[in-house]
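Reading through the structure tokens given below for one structure.
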Amino acid sequence: MTVVPFVRLYRNRADYSNWFRDDTIYDMVQSELARGTAAGPYRGIGEFHLYDSNNANGPVARKLMVLAEEKELAVLAHVDDPAIDLLMANTPSKGAKLRLIWAHTGIGGTPLARVDALLARYPNLHGELSYRPGLTCEGGKLCPEWRQLILKYPKRFLIGSDTGSTAAGNRMTS
């Protein structure tokens, strides 16, 4: 098994709904990236949540997208589809270079045509499929339309689960 370390943006529950505008989060990420892990450097930022798409334009969210692209870090974002466009727009390449993993590929059930359009627009957007509604049909089999999309983008989908952290500096407390 390979573990790929990501810097988690939450120190506590309050950070879930405020990280995108809290400069201390940006400072924490910078510190964590400089320190690295016992196994080597961090390779990504996230998972983070945006409960309102417009918060993708928060000052810290914007700075983190620039940082991620500049340092070639993957981003794991638990967001809706409008936030994907906003996050990508905040990068120097306007989303052409940022590696973004879309948690649950839109847990709210983003329409398949919209998922396809986003994958076509952003060459480094990846869809994570855990908890994705509408993925399976009768008998628990992959729905034909999802099979077609996965075959269209065979290297762009991942299966995972929500993240957790055991790093002392990043352990979330309630």
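Residues meeting the ring-ring contact (aromatic ring centres under 6.0 Å, His included) test with Y153, sequence neighbours left out: none.
Of the listed residues (T24, V60, L9, L73), just one forms a side chain to side chain contact (heavy atoms under 4.5 Å, CB included) with V29, and that residue is L9.
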* **Residues R156, L125; criterion side-chain contact (heavy atoms from CB on, under 4.5 Å); working and verdict** => CA-CA 7 Å; R156 306 275 294 282; L125 177 64; 4.0 Å; yes
* Show your reasoning for whether side-chain contact (heavy atoms from CB on, under 4.5 Å) applies to R132 and V115. => CA-CA 12 Å; R132 176 55 165 94; V115 173; 4.0 Å; yes
* To do: Apply salt bridge (Lys or Arg N to Asp or Glu O under 4.0 Å) to D85 and K94, showing your working.
  => CA-CA 9 Å; D85 284 320; K94 302 300 179 211; over 6 Å; no
* Could you check Y42 against E32 for side-chain contact (heavy atoms from CB on, under 4.5 Å), going step by step and ending with a plain yes or no? => CA-CA 8 Å; Y42 283 100; E32 288 290 323; 2.7 Å; yes
* Before giving the answer on side-chain contact (heavy atoms from CB on, under 4.5 Å), spell out for L33 and L67 the whole-Å C-alpha distance, their side-chain angles and the decisive distance to 0.1 Å. => CA-CA 11 Å; L33 290 173; L67 177 70; 3.8 Å; yes
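More than 12 non-hydrogen atoms from other residues, nucleotides or ligands lie less than 6.0 angstrom from CD of E145. For R114, the CZ atom is densely surrounded, since the number of other residues' heavy atoms within 6.0 Å is greater than 12.
Checked by atom type and distance alone, the side chain of R43 never pairs as donor or acceptor with a backbone atom of A74 at under 3.5 Å. Within the 3.5 Å criterion, the main-chain N or O of L129 finds no donor-acceptor partner in the side chain of H104. Remark: side-chain polar atoms of N18 are not paired, donor with acceptor, to backbone N or O of A14 under 3.5 angstrom. Between the N124 side chain and the A96 main chain, a donor and an acceptor come within less than 3.5 Å of each other. In this structure, the side chain of W102 engages the main chain of V79 through a donor-acceptor pair within 3.5 Å. Distance alone, capped at 3.5 Å, places no donor-acceptor pair between the D81 side chain and the G106 backbone. The backbone N or O of A56 sits nowhere less than 3.5 Å from a side-chain atom of R62 that would complete a donor-acceptor pair. N90 contributes a side-chain N or O that, together with a main-chain N or O of L86, makes up a donor-acceptor pair within less than 3.5 Å.
Across P144 and C137, no two heavy atoms sit closer than the pair CD-SG, 4.1 Å. Residues L100 and M88 come closest through the heavy atom pair CB-CE, 3.8 Å. Between P41 and P5, the shortest heavy-atom distance links the atoms O-CG, 3.5 Å.
Expressed to the nearest 0.5 Å, how far CG of L112 lies from CG of L149 amounts to 5.0 Å. In this structure, the separation between NE2 on H49 and CG on D80 is 12.5 Å, given to the nearest 0.5 Å. Between the CG atom in L64 and the NZ atom in K71 there is a gap of 12.0 Å [rounded to 0.5 Å]. To the nearest 0.5 Å, atom NZ of residue K97 and atom OG1 of residue T91 are 9.5 Å apart. Here W19 contributes atom CH2 and R11 contributes atom CZ; the two are 12.5 Å apart, rounded to the nearest 0.5 Å. For the atom pair CG of D116 and CD of Q148, the computed distance is 8.5 Å after rounding to the nearest 0.5 Å.
Geometrically, R8 does not engage Y10 in a cation-pi contact defined by less than 6.0 Å to the ring centre and at most 45° from the axis.
F6 and V66 fall into different hydrophobic clusters, where Ile, Leu, Val, Met, Phe, Trp and Tyr are joined by side-chain heavy atoms under 4.5 Å apart, directly or via other members.
Residues Y16 and F48 form no side-chain contact, since every pair of their non-hydrogen atoms from C-beta on lies 4.5 Å or further apart. Residues V75 and M65 meet the side-chain proximity criterion, which asks for heavy atoms closer than 4.5 Å. You'll find the side chain of L50 reaches within 4.5 Å of the side chain of L87, heavy atoms only.
A donor and an acceptor atom, one from each side chain of S93 and E69, are located under 3.5 Å apart.
In summary, K63 and D27 do not engage in a salt bridge, as defined by a charged side-chain N under 4.0 Å from a carboxylate O.
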